[in-house]
Amino acid sequence: MKKVSQFFLILISLTIASCSSDDSSNNGDDALYIRYTFNNVSYDFEPTTITSLQKHIMGEKEINTVYNRISLWMPTNPSLGSHEITDETPTSSNLETLHNAELWVGNDTYTATSGTIVVTEINEEYIKGTFTFTGDDGNGTSVSVTNGSFRAYR
């Protein structure tokens, strides 16, 4: 009887262990990220979402003592679809349609002059999409940000 009890105890333990947290089917779909490529280097940050007059999704990190930041701005109530990125200044008349982006590398700031933010998913908690843009520092230096994607709190 003792061996049967031990067998059932082991069987129950194995059953419980094999059922624990089998979330591999979502392939990281719960992860928050903002990713992009700049100068042939891929960046991957955990985003912060700030909503005030506009929604601001931002990722920042110091890499090799150089401060890096990417910022995406969009309306507070974003919509699905492709949205043009411009360098227009936010005003009370364009806040619900304006999409901007900015890249910081060290002391250099590049404001997007053209590009696209594509919002592919919006739910109660998250917003997800892709982006690409070209920007400049106001002094004639132009940069391209490619392969951009994000999943952030809404």
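These numbers come from the heavy atoms of this one structure, side chains and all, not from hydrogens, waters or symmetry mates. If you're wondering where the values come from, they're calculated on a predicted model, not measured in any experiment.
Using a 4.0 Å cut-off between a side-chain N of Lys or Arg and a carboxylate O of Asp or Glu, Arg151 and Glu121 do not qualify as a salt bridge.
Between Asp108 atom CG and Tyr67 atom OH the span is 13.5 Å, to the nearest 0.5 Å. With values rounded to the nearest 0.5 angstrom, Gln54 atom CD is found 6.0 Å from Asn100 atom CG. Interatomic distance, OG1 of Thr48 versus CD of Glu46, reported as 7.0 Å (0.5 Å rounding).
Between Thr130 and Thr132 the shortest side-chain heavy-atom distance does not fall below 4.5 Å. In this structure the side chain of Asp136 reaches within 4.5 angstrom of the side chain of Thr113, judged on heavy atoms. At a threshold of 4.5 Å between non-hydrogen side-chain atoms, the residues Arg154 and Glu125 do not count as touching.
Ring planes of Phe38 and Tyr43: tilted class, angle from 30 to 60°. Between Phe45 and Tyr36, the ring planes lie perpendicular to each other; the angle is over 60°, past the 30° to 60° tilted range. Aromatic ring orientation, Tyr153 versus Tyr126: parallel (interplanar angle below 30°, classes split at 30° and 60°).
Environment of CD in Glu96: crowded, with over 12 heavy atoms of neighbouring residues, nucleotides or ligands closer than 6.0 Å.
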Exercise. Which is it for Thr116 and His83 under the side chain to side chain donor-acceptor pair (under 3.5 Å) test, yes or no, and what are the steps along the way?
Worked result: CA-CA 6 Å; Thr116 309; His83 308 281; over 6 Å; no

For this session: Start with the C-alpha gap between Thr91 and Ser93, add the side-chain angles, then the distance that decides, and say whether side chain to side chain donor-acceptor pair (under 3.5 Å) holds.
Result: CA-CA 5 Å; Thr91 65; Ser93 63; 3.1 Å; yes

For this session: I would like to know whether Phe133 and Ile117 meet side chain to side chain contact (heavy atoms under 4.5 Å, CB included); could you show each step before the answer?
Result: CA-CA 8 Å; Phe133 65 85; Ile117 295 175; over 6 Å; no

Exercise. Arg69 and Glu102: salt bridge (Lys or Arg N to Asp or Glu O under 4.0 Å), yes or no, with the steps?
Worked result: CA-CA 8 Å; Arg69 183 174 99 185; Glu102 193 173 67; 3.6 Å; yes

For this session: Take Asn68 and Glu60 through the side chain to side chain contact (heavy atoms under 4.5 Å, CB included) test and state the conclusion after the steps.
Result: CA-CA 6 Å; Asn68 291 269; Glu60 63 182 337; over 6 Å; no

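Residue Ala152 comes nearest to Ile57 through the heavy atom pair CB-CG2, 3.8 Å, listed as atom of the first residue, atom of the second, then distance. The two residues Ile127 and Pro78 make their nearest non-hydrogen contact at CD1-CG, 3.4 Å. Closest approach of Phe131 to Arg35, counting heavy atoms only: CZ-O, 3.6 Å. Between Pro47 and Leu32, the shortest heavy-atom distance links the atoms CD-C, 3.6 Å. The heavy-atom pair separating Thr134 from Ser144 by the smallest distance is OG1-OG, 3.8 Å. Summarising the geometry of Ala101 relative to Leu72, their closest heavy-atom pair is CB-CD2, 3.9 Å, with the distance given to 0.1 Å.
Looking at Thr86, its side chain does come within 3.5 Å of a backbone N or O of Glu88 through a donor-acceptor pair. Checked by atom type and distance alone, the side chain of Lys128 never pairs as donor or acceptor with a backbone atom of Asn123 at under 3.5 Å. No donor-acceptor pair under 3.5 Å is formed between the side chain of Asn39 and the backbone N or O of Val41. At least one donor-acceptor pair under 3.5 Å links the side chain of Asn94 to the backbone N or O of Thr89.
In this structure, Val105 is a member of the same hydrophobic cluster as Val145, with clusters built from ILVMFWY side-chain heavy atoms closer than 4.5 Å. Two different hydrophobic clusters hold Tyr110 and Trp73 under the rule that ILVMFWY side chains link at heavy-atom gaps under 4.5 Å. Hydrophobic cluster membership is shared by Ile122 and Phe150, with clusters built from Ile, Leu, Val, Met, Phe, Trp and Tyr side chains linked at under 4.5 angstrom. Put simply, Val143 and Ile34 are part of the same group of oily side chains (I, L, V, M, F, W, Y) that touch within less than 4.5 Å, one to the next. Linking ILVMFWY side-chain heavy atoms closer than 4.5 Å, directly or via other members, places Ile85 and Val119 in a single hydrophobic cluster.
A donor atom on one side chain and an acceptor atom on the other are found under 3.5 Å apart for His56 and Ser71.
Through direct or indirect side-chain contacts shorter than 4.5 Å among Ile, Leu, Val, Met, Phe, Trp and Tyr, Leu53 is connected to Leu95.
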